[in-house]
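Reminder, nothing fancy here: chain letters follow the sequence lines and each chain counts from 1.
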Number of protein chains: 2
Amino acid sequence: MPASQTSGISILLVDDHPVVRQGYRRVLEHQGDFRVVAEADNAADAYRAYKSHAPDVVVMDISMPGASGLEAIRNIRQRSAGARVLVFSMHSEAALVKAAFGAGASGYVTKSNEPTVLIAAIRSVARGEHAMSDDVAHVLAMESLTPSGSVLDQLGEREIEILRQLAAGSTTEQIAVNLNLSMKTVQNYHYLIKTKTGMRTDAQLVRLAVECGLTSL
Amino acid sequence: MPASQTSGISILLVDDHPVVRQGYRRVLEHQGDFRVVAEADNAADAYRAYKSHAPDVVVMDISMPGASGLEAIRNIRQRSAGARVLVFSMHSEAALVKAAFGAGASGYVTKSNEPTVLIAAIRSVARGEHAMSDDVAHVLAMESLTPSGSVLDQLGEREIEILRQLAAGSTTEQIAVNLNLSMKTVQNYHYLIKTKTGMRTDAQLVRLAVECGLTSL
DNA sequence: GCGAAGCTCGGGAAATTTTCCCAACGAAGC
DNA sequence: GCTTCGTTGGGAAAATTTCCCGAGCTTCGC
């Protein structure tokens, strides 16, 4: 309800890098009708700043140290259901995007886009629409083509367990002992998991496992 | 020795995020005597842009996809020993900083600093001095106090770069192409890194790289 | 009850990679 | 000048990966 009626769009900038914030601020204010009314560099401050300034749009990088931006989005939306949060992130993994919208974001734009894309997205979000940059849409679209929601749905129980242990750093032999299987079987699963998920290296498998919440760090 | 005598400091901006570049450009050009004469979003373009514009200072983010900024720094310095490269990164691990200076950087500032720090560093570097933001100096200082620094200190520049790419999910072949090495050499490094760090699987290597801030997610 | 479908478990064999050891070169240090 | 160290790769045996295949077990629908 507060939403500055003075004209223009008021913005809260959340990013943990001061120089980056400063840069955004200039880019955005170069548009005549944008006003950056506050900045924050962490989730807690973002919440406080939102409460006191009630900006039209929150532009937020969700990869911040400590409590992530997702938490901040949830907090803000909890207290003010009409809040518009536009996520502005380096990452475009499907899981992250879903999590962001799940937490209540109104838009998602990656930093690999031209400034015009961000600006357009802010206007859309301010109008109450949802916005998403092309690359993000692409990732989500590809992902939704798999009949399963998550990549993990293509995998059986054993496969998931073995993927988890692989990602945790266990050797083939350790896994074989842990699960009472022959090394050959573990190797076969290892290969099967890679082909099913389309990952080409073990490092990619680790990242996949982390993304899917199978393991942490 | 082209160095624009027209006055002011000419700058080449290297960062893989367009919006971020745009932001820096505005922040920097807001200083009357800075001129951003070119931009690049990858190592190869950075090298080409350097050749054709011969800027006074290169401001570079070293965490880019593919061949990293370290490669770019080496290339640039190889052809023009007087080149001044100021690294502008999100990360401040001692090993990365050392690798950057080892590759020929003249300065290192993290993105968690205020714009004034970056600006001051650019002026220092342009003057031929070396520059480093306080947080980077702090990390290096602390590191030099502990005889047992990070695991990464046992690794050479090449090893660190290859570890980074391995952890990012690159295949042996991709790394060989990126760094212009034979696959055999990359395999040898891969093995060497595992023995030096004591990691037994690639998954453990990924976790190590993440812990050391070499890569994210 | 019976066949199809889908996991789970492993053998086999060729292709690749990993694992070590070694050599050569240049740069840095003593 | 000599040694050490990082970088680059060859060689060759050992190990792993990559596919393909079959067999046992369950589940499911008909």
Selected nucleotide, minimal atom distance to A:Tyr189 side chain, candidates C:dT8, C:dT19, D:dT7: C:dT8

Minimum-distance nucleotide (side-chain atoms of A:Lys184 versus C:dG11, D:dT7, C:dC9): C:dG11

Rounded interatomic separation in angstrom, taking CG from B:Asn188 and C1' from D:dG6: 13 Å

Sugar-phosphate, base or nothing in reach of B:Ser182, heavy atoms under 4.0 Å: sugar-phosphate

d(OH, A:Tyr191; C1', C:dA14) in whole Å: 13 Å

Spacing between B:Leu192 atom CG and C:dC20 atom P, to the nearest angstrom: 12 Å

Residue-phosphate contact under 4.0 Å: B:Thr185 side-chain N/O, D:dT8 OP1/OP2: no

Neighbour count >12 (heavy atoms, 6.0 Å) for atom CZ, A:Arg200: no

Distance in angstrom units between B:Arg200 CZ and C:dT18 P, rounded: 15 Å

Rounded distance in Å - NZ (B:Lys196) to P (D:dT7): 8 Å

B:Met183 CE - D:dT7 P separation (whole Å): 21 Å

Between A:Thr110 and A:Asn113, a side-chain donor and acceptor under 3.5 Å: yes

Residue met sooner reading DNA chain D from 5', once A:His190 and B:Arg158 are mapped to nucleotides: B:Arg158

A:Arg21/A:Asp16 salt bridge by N-O under 4.0 Å criterion: no

Between P of C:dG26 and CD of B:Glu157, the distance in whole Å: 19 Å

Selected nucleotide, minimal atom distance to A:Gln187 side chain, candidates C:dT18, D:dT17, D:dG9: D:dT17

Length of the line joining B:Ile160:CD1 and D:dG6:P, which is rounded to integer Å: 11 Å

Ion pair check, A:Arg158 and A:Glu161, cut-off under 4.0 Å: no

Side-chain heavy atoms of B:Val85 within contact of B:Val14, under 4.5 Å: no

